[in-house]
2 protein chains.
Amino acid sequence: MLSVKTPEEVIEVINKNFENLNRIETVGLLDSLGKVLAEDIVCQEFIPNFTRSTVDGYAVISKDCFGCSESIPAILPVTEEIEMGMMPTKTLDKDTCMKIPTGGALPENADSVVMLEYTEDYGDGSVGIMKPVAPAENVIFKGDDKKPGDILLAKGCKIGSKEIGALAAMGIRTIKVAKPLTIGIISTGNELIPSSETPKSGEIRNVNSDLLAAIALENGCKYIDYGIIKDEEKLLLNTVEKALEECDLVLLSGGSSAGEKDYAARVISEKGEVLFHGIAMKPGKPTILGKALGKPIFGLPGHPVASYFVSKLFVCYAIKVLRGENKKMIRAKAVLTESIESNHGRAQYGGVFLENKNGKLFASPVHSKSGLITTLAMTDGYYQIDNECEGIAKGNEIEVLIYEG
Amino acid sequence: MLSVKTPEEVIEVINKNFENLNRIETVGLLDSLGKVLAEDIVCQEFIPNFTRSTVDGYAVISKDCFGCSESIPAILPVTEEIEMGMMPTKTLDKDTCMKIPTGGALPENADSVVMLEYTEDYGDGSVGIMKPVAPAENVIFKGDDKKPGDILLAKGCKIGSKEIGALAAMGIRTIKVAKPLTIGIISTGNELIPSSETPKSGEIRNVNSDLLAAIALENGCKYIDYGIIKDEEKLLLNTVEKALEECDLVLLSGGSSAGEKDYAARVISEKGEVLFHGIAMKPGKPTILGKALGKPIFGLPGHPVASYFVSKLFVCYAIKVLRGENKKMIRAKAVLTESIESNHGRAQYGGVFLENKNGKLFASPVHSKSGLITTLAMTDGYYQIDNECEGIAKGNEIEVLIYEG
């Protein structure tokens with residue numbers, strides 16, 4: 001029998017035993033996409049660095065236009081036409097205005113911009129302002145967004161397109177990021193054949209090697225695939241030894257339950273320490289986490305769906321710990337379109353199809369008695385219900401994690 | 001004045017004017033990760049291809065164990081020990097059992113498996129079964145999951161790790177996918193300087209070139225960056241011409257509003273047709289979509305945040321249309337931690353920080369008067385409220401799109 005940990009306890013074990021490897025590389029701006037920031041990015045400048053208009057129109061002193069209307073416009077002489085990329089040559093005098101494009105620099109004394117739509121050009125060097133404007137309207141002031149010393153991006157943040165935009169706005173062209181980890185993947189089991197072959201009765205295609213490689217790639221890691229290793233302890237021991245030397249994290253798939261030929265726990269304890277054997281989750285119970293050469297080594301269930309959820313929840317978490325990444329996961333609420341049965345005291349995970357309808361988000365759990373990996377294909381996310389929950393009835397809400405579309 | 005389209009009308013325009021390019025390439029399994037499937041994958045086999053056990057235990061005929069208990073176990077002789085990867089050599093006789101590992105092939109006649117935990121090995125070639133088992137319990141039957149002819153993965157699906165797993169399970173090693181698109185990126189504006197330089201007053205760093213390149217890469221596209229083009233119509237015309245020849249979709253950033261020096265609309269109409277000018281959204285109103293050489297060309301706002309949301313919503317949609325990808329976007333519901341003000345009759349978009357607390361999902365909208373791109377950094381998603389909504393008060397629910405963590 002396995003002495004099982006709850007999912008929360010598994011997270012604690014990972015936090016306690018492993019830490020940021022602090023292996024850092026410096027890359028160019030666009031090469032940092034999808035990587036994890038290894039330094040705080042501190043603002044060196046005012047953003048924006050000059051006060052500017054957010055519309056096409058006329059820069060004014062707002063007081064000069066108070067009370068104007070379509071029938072009684074404020075008539076102001078245009079003293080300058082401000083060009084994009086140029087500073088105004090004069091300051092703005094009372095009861096005058098300057099023509100300004102979107103993004104143009106405001107002249108001194110101006111506190112607002114009237115949109116072109118609310119003005120009329122009289123063709124004699126003056127315009128009529130037909131709608132009053134509040135102070136600061138249609139204007140962004142210097143430093144409104146960030147000031148020198150503000151933290152722009154915090155260490156551990158994953159760099160996406162919007163962070164690339166923020167870095168470009170700051171003039172930052174090279175960034176310190178966590179070096180990609182290398183994940184070692186070993187599949188064990190006498191029943192396994194390469195997935196290119198047609199299984200004879202009793203044989204099963206090796207799915208986990210490709211599945212785990214894809215998860216490694218999706219998470220910005222490299223991988224080494226050590227292939228299918230037969231259920232022979234010595235052979236497995238040698239392969240694990242090699243993988244531990246060459247990789248930052250090792251995934252040993254299959255042989256993780258407590259049956260006679262399940263070598264995973266024995267091999268891990270021979271090379272290091274078994275931190276726990278068994279997680280109170282479904283699917284995924286026969287999972288092992290060990291520590292060898294200071295590195296995490298997971299014994300994953302051979303069942304691909306179990307292996308998938310354990311990887312999504314805990315292998316990905318360990319990857320984040322090793323490269324110092326933020327570990328936040330966001331769960332949304334969705335209305336169940338059919339009931340989910342009791343999970344027998346274990347946290348339970350399963351794929352869902354999601355649909356927005358009438359302003360609500362609906363989750364339809366995957367129909368699958370077998371729970372094979374093919375049933376997860378094309379799902380939009382997965383649900384999680386905790387170990388104390390005895391199932392959720394149709395029409396109630398459930399927590400889901402959404403894959404980005 | 002712009003004649004604006006609603007976001008829904010923009011989607012219609014894209015659907016009506018553009019279609020799947022049907023440019024297909026064949027790639028190896030792991031190289032298909034993140035790509036769009038260009039063929040239906042039809043099941044050729046039974047999945048699973050033999051009836052198997054989901055637990056370690058004893059294969060039985062369930063009727064033989066009805067009524068057994070810890071005090072009155074059913075005592076059955078063990079006629080065979082089934083090995084992983086091997087078929088049983090005999091059929092199961094009434095009132096006997098066979099030892100079977102997780103994943104082992106069920107013998108003929110057996111209809112269920114009793115878990116090891118509920119048995120006792122008497123050491124004399126028989127075991128005691130201490131808990132009855134229902135027919136089909138702990139068993140996956142041949143073809144339970146998929147049968148020959150079933151669609152396994154539909155054309156248009158984006159291939160993630162779980163789809164890689166499903167393909168490996170089917171023995172599929174090469175896949176037809178949509179060829180990556182090439183996105184042309186042109187930034188215009190006399191005020192723009194390369195983002196590596198320090199802006200003098202009136203100048204602005206070019207953010208959009210990198211931002212749009214990152215969005216292209218995040219969406220599995222290639223890009224060609226045509227740099228910053230000064231506001232000269234002839235120069236811009238030549239660059240747009242070149243980009244239209246070399247790329248599948250062109251993004252022209254800046255000069256998209258209706259000011260005098262905003263050449264985007266004129267250049268697009270000279271090379272092809274302006275489909276619309278203006279979207280009823282905030283930010284992002286001064287957006288143009290054109291069609292030239294049959295290709296989409298967007299005139300994007302120079303303002304990076306506006307450019308970001310327009311790209312997320314409509315450029316990414318157009319990319320999906322061109323490569324035949326499913327266009328589903330999933331919106332979750334979150335509770336607002338502070339009110340969002342009226343959007344003046346336009347659909348409104350903004351970044352949010354998300355947090356799960358007490359079983360609910362909370363959204364805190366980004367604080368930013370300026371709405372500069374730096375304020376979007378490190379957000380977890382974005383909200384959308386439609387044009388009829390006059391703002392949403394704190395404590396109410398709002399629809400959010402979540403970036404995957």
Side-chain angles (χ1 to χ4, degrees), chain A residues 29-30 33 47 49-50 56 84-87 101-102 105 140 144-146 152-153 157 161-166 168-169 171 173 190-191 195-196 199 201-203 205 207 210-211 213-215 217-218 259 304 328-332 354 356 361 369-370 372-374 376-378 380 402 404-405, chain B residues 29-30 33 47 49-50 56 84-87 101 105 140 144-146 152-153 157 161-166 168-169 171 173 190-191 195-196 199 201-203 205 207 210-211 213-215 217-218 257 259 304 328-332 354 356 361 369-370 372-374 376-378 380 402 404-405:
Chain A
L29 182 59
L30 280 166
L33 187 69
I47 303 181
N49 66 336
F50 64 93
D56 291 327
M84 277 307 289
M86 308 289 282
M87 286 308 285
T102 303
I140 305 174
D144 248 358
D145 207 23
K146 295 278 173 189
L152 186 72
L153 293 175
C157 119
S161 52
K162 61 197 181 347
E163 285 76 22
I164 295 279
R173 302 299 307 176
N190 286 339
E191 74 281 17
S195 76
S196 54
S201 276
E203 293 179 338
R205 286 202 183 96
V207 169
D210 289 313
L211 177 65
I215 290 174
L217 293 173
E218 274 186 334
K328 189 171 175 183
M329 285 173 97
I330 294 157
R331 298 178 300 278
L354 295 168
N356 288 102
L361 180 62
K369 191 189 151 199
S370 62
L372 290 192
I373 187 73
T374 39
L376 272 190
M378 300 186 68
D380 303 302
I402 304 173
E404 196 173 24
Chain B
L29 182 59
L30 280 166
L33 188 68
I47 303 180
N49 66 336
F50 63 94
D56 291 327
M84 277 308 287
M86 308 289 281
M87 287 306 285
I140 304 174
D144 248 357
D145 207 24
K146 295 278 172 188
L152 186 70
L153 293 174
C157 119
S161 52
K162 59 196 183 347
E163 285 76 23
I164 296 280
R173 303 299 306 175
N190 287 338
E191 74 281 18
S195 75
S196 53
S201 277
E203 294 180 338
R205 286 202 183 96
V207 169
D210 289 314
L211 177 65
I215 289 174
L217 294 172
E218 274 187 333
S257 61
K328 189 171 175 181
M329 285 174 98
I330 295 157
R331 298 178 300 278
L354 295 168
N356 287 104
L361 179 62
K369 188 191 154 197
S370 63
L372 291 192
I373 187 73
T374 39
L376 271 191
M378 299 184 70
D380 303 304
I402 304 173
E404 196 172 27

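Reckoned from all heavy atoms, side chains included, excluding hydrogens, waters and symmetry mates. Below, chains carry the letters A, B, ... as their sequence lines are ordered, and counting in each starts from 1.
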Can you tell which of A/C157, A/P101, A/A105, A/G171 has the highest number of heavy-atom pairs within less than 4.5 Å of chain B?
-> A/G171
Bottom line for B/L29: the part with an atom under 4.5 Å from chain A's heavy atoms is side chain
Name the member of A/T102, A/N190, A/L152 that forms the most heavy-atom pairs with chain B at distances under 4.5 Å.
-> A/L152
Taking atom NZ of B/K162 and atom CD1 of A/I215, what is their separation to the nearest 0.5 Å?
-> 10.5 Å
Contact summary for B/S161 and A/E218, nearest pair of heavy atoms = OG-OE1, 2.8 Å
What part of A/D210 gets closer than 4.5 Å to chain B, counting heavy atoms only: side chain, backbone, both or neither?
-> both
Taking atom CE of A/M86 as the centre, does the number of heavy atoms from other residues, nucleotides or ligands within less than 6.0 Å exceed 12?
-> no
What pairs with B/L217 under side-chain contact (heavy atoms from CB on, under 4.5 Å), at least two apart in sequence or on another chain?
-> A/L30, A/L33, B/Y223
Checking A/R173 against chain B: side chain, backbone, both or neither under 4.5 Å from a heavy atom?
-> side chain
Which residues share a side chain to side chain donor-acceptor pair (under 3.5 Å) with B/E203, sequence neighbours left out = none
Examine whether an atom of A/K146 lies under 4.5 Å from a heavy atom of chain B, and if so say whether it belongs to the side chain, the backbone or both; otherwise answer neither.
-> side chain
Shortest non-hydrogen separation from A/V207 to B/A169 and the atoms involved | CG2-CA, 3.4 Å
For the atom pair CD1 (B/I402) and CE (A/M329), what is the distance rounded to the nearest 0.5 Å?
-> 11.5 Å
Measure distances from A/P199 to the heavy atoms of chain B and classify the residue's part below 4.5 Å as side chain, backbone, both or neither.
-> both
Heavy-atom pair with the smallest gap, counting every atom of B/E191 and A/M84 | CD-CE, 2.8 Å
Side-chain contact test, heavy atoms from C-beta onward, threshold under 4.5 Å: evaluate it for B/I330 versus A/N356 and give yes or no.
-> yes
